[in-house]
Amino acid sequence: MGFPKVKTSSELREKLSETISEVNSGVAHIISHKTGNVVLISEESYSRMLGELEELKDISTGIFEIDSGKGVAHAEAKLRLHSLKKKWR
């Protein structure tokens, strides 16, 4: 995604269409306003970030389960799946 462009809210109003095109091309924007800043990213970037966040949550859950003794070793998981597979046939 690279470094975001910084614009004021006035600049955004003046160049809204251009800014939307840039954002959809992968250029994030930080819009500064007296009440606070906002970040504009494309829907594709947003969806990708949500997917990555979900994967990180899953990894974190797995690490927690392993550390707390709740995890199952890979070999054991394979054996369990094979036994379930036989039941499903």
Side-chain angles (χ1 to χ4, degrees):
M1 197 171 359
F3 291 103
K5 287 189 174 184
V6 179
K7 291 184 178 175
T8 64
S9 57
S10 298
E11 291 172 323
L12 176 64
R13 270 193 303 277
E14 292 170 12
K15 298 181 179 181
L16 180 61
S17 193
E18 176 187 320
T19 302
I20 290 171
S21 292
E22 290 174 347
V23 168
N24 282 324
S25 296
V27 180
H29 283 66
I30 296 174
I31 308 302
S32 61
H33 189 268
K34 63 184 175 189
T35 60
N37 296 343
V38 296
V39 177
L40 296 177
I41 59 172
S42 68
E43 181 179 8
E44 179 183 336
S45 294
Y46 179 73
S47 294
R48 186 174 52 250
M49 285 175 34
L50 287 179
E52 290 171 0
L53 178 62
E54 196 61 38
E55 289 175 14
L56 289 171
K57 284 180 182 179
D58 291 344
I59 291 168
S60 177
T61 299
I63 290 170
F64 175 78
E65 288 178 354
I66 289 169
D67 287 347
S68 62
K70 295 180 183 177
V72 176
H74 179 71
E76 175 64 25
K78 280 180 68 174
L79 287 173
R80 290 182 188 183
L81 287 173
H82 283 295
S83 68
L84 288 174
K85 187 177 171 182
K86 289 176 186 175
K87 289 181 184 179
W88 292 334
R89 286 185 180 180

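Count residues from 1 along the sequence. The figures here come from the full heavy-atom set of this structure, side chains too, leaving out hydrogens, waters and symmetry mates.
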Asks: Check whether the side chains of Ser10 and Arg13 place a donor and an acceptor atom closer than 3.5 Å, and report yes or no.
Replies: yes
Asks: Measuring from atom CG of Leu16 to atom OG of Ser21, what distance do you get when rounded to the nearest 0.5 angstrom?
Replies: 9.5 Å
Asks: Quick one: do Ile41 and Ile30 end up in the same hydrophobic cluster if we chain Ile, Leu, Val, Met, Phe, Trp and Tyr together by side-chain heavy atoms under 4.5 Å apart?
Replies: yes
Asks: Evaluate Lys15 against Glu22 for side chain to side chain contact (heavy atoms under 4.5 Å, CB included), listing each step before the verdict.
Replies: CA-CA 11 Å; Lys15 298 181 179 181; Glu22 290 174 347; over 6 Å; no
Asks: Give a yes or no answer on whether the side chain of Ser47 reaches the backbone of Glu44 with a donor-acceptor pair at less than 3.5 Å.
Replies: no
Asks: Does His33 use its side chain to pair, donor to acceptor, with the backbone of Thr35 at less than 3.5 Å?
Replies: yes
Asks: Go through the structure and list residues passing side chain to side chain donor-acceptor pair (under 3.5 Å) with Ser32, not counting sequence neighbours.
Replies: none
Asks: Just how far is it from atom OG1 of Thr8 to atom CD1 of Ile31, taken to the nearest 0.5 Å?
Replies: 8.0 Å
Asks: Using 0.5 Å steps for rounding, measure from the NZ atom of Lys5 to the CG atom of Leu40.
Replies: 12.5 Å
Asks: Could you check whether any side-chain N or O of Ser60 sits under 3.5 Å from a backbone N or O of Leu56, counting only pairs where one atom can act as donor and the other as acceptor?
Replies: no
Asks: Apply the side-chain contact (heavy atoms from CB on, under 4.5 Å) test between Ile63 and each candidate in Thr61, Ile66, Asp67; give the one that qualifies.
Replies: Asp67
Asks: Can you measure from CD1 (Ile59) to CD (Glu54) and round to the nearest 0.5 angstrom?
Replies: 11.0 Å
Asks: A quick test of your reading: do over 12 heavy atoms of other residues, nucleotides or ligands sit less than 6.0 Å from CD of Glu76?
Replies: yes
Asks: With heavy-atom distances below 4.5 Å as the criterion, would you say the side chains of Leu12 and His29 are in contact?
Replies: no
Asks: Any chance you could measure Asp58, atom CG, to Leu53, atom CG, to the nearest 0.5 Å?
Replies: 9.5 Å
Asks: With ILVMFWY side chains joined below 4.5 Å, transitively, what does Val72's cluster contain besides itself?
Replies: none
Asks: When clusters are formed by joining ILVMFWY residues with side-chain heavy atoms under 4.5 Å apart, either directly or through shared neighbours, do Val39 and Met49 land in the same one?
Replies: yes
